[in-house]
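Below is one structure, written out as structure tokens; comments come after it.
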Amino acid sequence: MPPATTNLARNVLMWFRRDLRLHDNPALLSALGQPDRIPAAQHLYPVYCLEIPTKKKCGHRRWIFLLECLHDLDANLRKLGSRLFVVRGLAPDVLPLLVQHWNVSELAVGECHEPFAVARDNDVAQQIAPHGCDFKSFPGRTLFRPQDVLARTGNGKAPLTMAAFSKIAERLPVPTPVDAPASLPSLGDDAITALRNALDPATFDALAGPQGDFSVPTIEPDGTVPELHLTTPIPAHEQSPHRGGETEALRRLDAYLSDHARVTQFEKPKTSPAAFYPNADTTILSPYTTYGALSVRTFRAGIDRVYRAAKGKHSKPPVSLLAQLYWREFFMTAGATTLNFEQMRRNPICLQTEWKCIPGETTRESHPDDYAMLDAWAEGQTGYPWIDAIMVQLRREGWVHHLARHSVACFLTRGDLYISWERGAEVFEDLLLDHEWALNRGNWMWLSASAFFHQYFRVYSPVKWGQSWDSEGVFIRKYLPVLRKMPKQYIYEPWKAPIAVQRAAGCVVGVDYPKRIVDHDVVVKVNMTKMKTSHAAQREQAAMENGDSNGGRNGTRERSGNMRDRPL
DNA sequence: CGGAAGGTTGCTCCC
DNA sequence: GGGGAGCAACCTTCC
């Protein structure tokens, strides 16, 4: 038993969320106490709450990546004589039980800033307070706290351009990563027994999982996870090449940073969306920063070391490697401080326009044709090989290049299908290993020219843009084998190939590969007109609300009042 | 306040 | 094929 501790005992429960690592983890380190000030914890209980089955928007490969991170975290904890307890259930339900029966005095977390996470954490803090347990949050998820950025904007609103954000970021202190612990406080000798004795058997079994020991769910070699009812085997060639975990994250970071020229000369718009693992132009570290298997503060420190070695000669924001971390902060700041950030309606920074398939406004039953188009896009069946190949890569690997995301997002929204960006965000949330709520929703607003970016007349061609990167069609041939033998002059537009050429290539359009679902050259003009009309309507509305005083400048639509002045 | 400058990553046409 | 103007025209930031 944990000794019948008095209230003076310091027992810490480390609640891991998006910080699945030992390096640069201030919350975890807090258990060690501080010399002469705070004693080391007597016991440390590392916990992850596995929220089954509520993560409906988390696809199979995302689950696998998360579980790999948990397995690696558990292994690394065990090297220090500890372990991870994976508790099945929602945090506000299960943490109070653990706190009570493990006699926990402090619950330590890495701070999260999403509105829903803040609400959840407040809930947990209230639930554990009656048990005499403090909720203590620590930095580490971001380089900068959204509040600290907001405090320097002058108007209390998140910056909407990278130039404005960078100006603030450059004046904020550079966070220093902390070392991984060399040792950890012990577990209670019989932490599991304590729970088994205190809880009724059904509750215990539900929390502890099928092994009865709070272990990480097992991933079978065929990719199935029986405990999570992920029972569809994934053939070897369709498994993601990106393996989760802190160990792999730090290996990839070191490998990337070892090429100093690549780091100092990095310019995002010059990296190719048609390059793919293991020869991608970019780091593919985003899945690791998403789950916190890699600390962004450690990442930044590594970039800074390379920059210093180059005596300050390096690319600059908004295109530099460091700026890629700034973009993450940029969207997290906006997401943490903008009302209704994840949707179009009642979102003060978002363009209002009449997309198809708006959540809550149409259904599959009311508009089956619109949703058929959405499905064709999501499944890689648009008939545009560049678009479809990207969606296949996304589905299979859980990662595609940022500019590839631009292409398919523009296609779904303002470019071709004029479908709600929220629907695209839902699909990405399901598929992306690196899904971050604020980045995903923010980038969908960007690409649909709903917020941040407004030059809707700049449209990506689903043919020309890919062609400019990969005229041979290597990328398409990899992910759409049906087009493998199509001559390069038709690989981006197979419908233009003479039927004899289609037959010779073994790919007849309409039989072996879909006909294109829209004619880009036609719909792009229609869509641009829709955007123009929506902007005009919005300016008119703003002029009305402002008594026509500013001619609609800064279109206030729902921006007036204090809608953005919400507490963090 | 008003207006100019600038905005990570477009396309087409022309030289 | 690489670079630059024109396309038609959005918003935020900054002075």
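Each chain gets a letter, A, B and so on, in the order its sequence line appears, and its residues count up from 1.
- The side chain of A:His406 lies closest to B:dT9 when the candidates are B:dT8, B:dT12, B:dT9.
- Remark: of the listed residues A:Arg18, A:Arg141, A:Arg441, A:Arg141 is the sole one forming a salt bridge (charged side-chain N to carboxylate O under 4.0 Å, His left out) with A:Glu114.
- Rounded to an integer number of Å, the gap from NZ of A:Lys268 to P of B:dG7 is 18 Å.
- Counting to the nearest Å, the P atom of B:dG10 and the CG atom of A:Leu447 are 11 Å from each other.
- B:dT8 sits 25 Å from C:dC7 when the P atoms are compared, rounded to a whole Å.
- Between A:Arg251 and A:Asp254 there is no salt bridge, since no side-chain N of the basic residue sits under 4.0 Å from a carboxylate O of the acidic one.
- Residue A:Trp465 is in sugar-phosphate contact alone, with no base atom involved, counting any heavy-atom pair closer than 4.0 Å across all strands shown.
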Exercise. Going 5' to 3' along nucleotides 2-10 of chain C, which nucleotides have protein heavy atoms under 4.0 Å from the base (write B), which only from the sugar-phosphate (write S), and which from neither (write -)?
Worked result: -------BB
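- Backbone-only engagement by A:Lys464 is indicated by non-hydrogen atom pairs under 4.0 Å involving sugar-phosphate atoms exclusively.
- In this entry the distance linking NE2 of A:His402 with C1' of B:dT8 reads 8 Å, nearest Å.
- Between A:Ile387 atom CD1 and A:Thr382 atom OG1 the span is 6.0 Å, to the nearest 0.5 Å.
- At a threshold of 4.0 Å, the pair A:Arg328-A:Glu436 counts as salt-bridged, since one of the basic side-chain nitrogens sits closer than that to a carboxylate oxygen.
- In this structure, A:Tyr277 has its ring center under 6.0 Å from that of A:His242.
- Side chains of A:His520 and A:Ser461: a donor-acceptor N/O pair is absent below 3.5 angstrom, by distance only.
- Spacing between atom CD1 of A:Ile168 and atom C1' of C:dT12 amounts to 13 Å, rounded to whole angstrom units.
- Salt bridge absent: A:Arg345 and A:Glu422 never bring a charged side-chain N and a carboxylate O closer than 4.0 Å.
- Put simply, NZ on A:Lys270 is 14 Å from P on B:dG10, counting in whole angstrom units.
- Atom NZ of A:Lys157 and atom C1' of C:dC11 are 14 Å apart (whole Å).
- Side-chain contact of A:Gln265 with A:His314: a donor-acceptor pair under 3.5 Å is absent, judged by distance alone.
- Nucleotides C:dT13 and C:dA9 are separated by 24 Å at their P atoms, to the nearest Å.
- Using modelled atom types, one finds a donor on one side chain and an acceptor on the other under 3.5 Å when comparing A:Thr363 with A:Ser366.
- The side chain of A:Lys167 places an N or O atom within less than 4.0 Å of a non-bridging phosphate oxygen (OP1 or OP2) of C:dC14.
- Aromatic ring centres of A:Trp377 and A:Phe411: separated by at least 6.0 Å.
- Across all strands shown, A:Lys316 has no heavy atoms under 4.0 Å from either base or sugar-phosphate atoms.
- Remark: C:dA5 base-pairs with B:dT12. Criterion, Watson-Crick or G-U wobble with two distances under 3.5 Å.
- Relative to the side chain of A:Leu403, the nucleotides B:dT8, B:dC11, B:dT9 differ in distance, and B:dT9 lies closest.
- Residue A:Val319 is in base contact, counting any heavy-atom pair closer than 4.0 Å across all strands shown.
- Regarding A:Arg152, its CZ atom lies at a distance of 15 Å from the P atom of C:dC14, rounded to whole Å.
- Using a 4.0 Å heavy-atom cutoff across all strands shown, A:Trp469 reaches no nucleic acid atom at all.
- If you measure from atom CE of A:Met528 to atom P of B:dC11, you get 11 Å, rounded to the nearest angstrom.
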Can you name the atoms? Protein N/O to nucleotides 13-15 of chain B N/O, anything below 3.5 Å, with the distance.
none

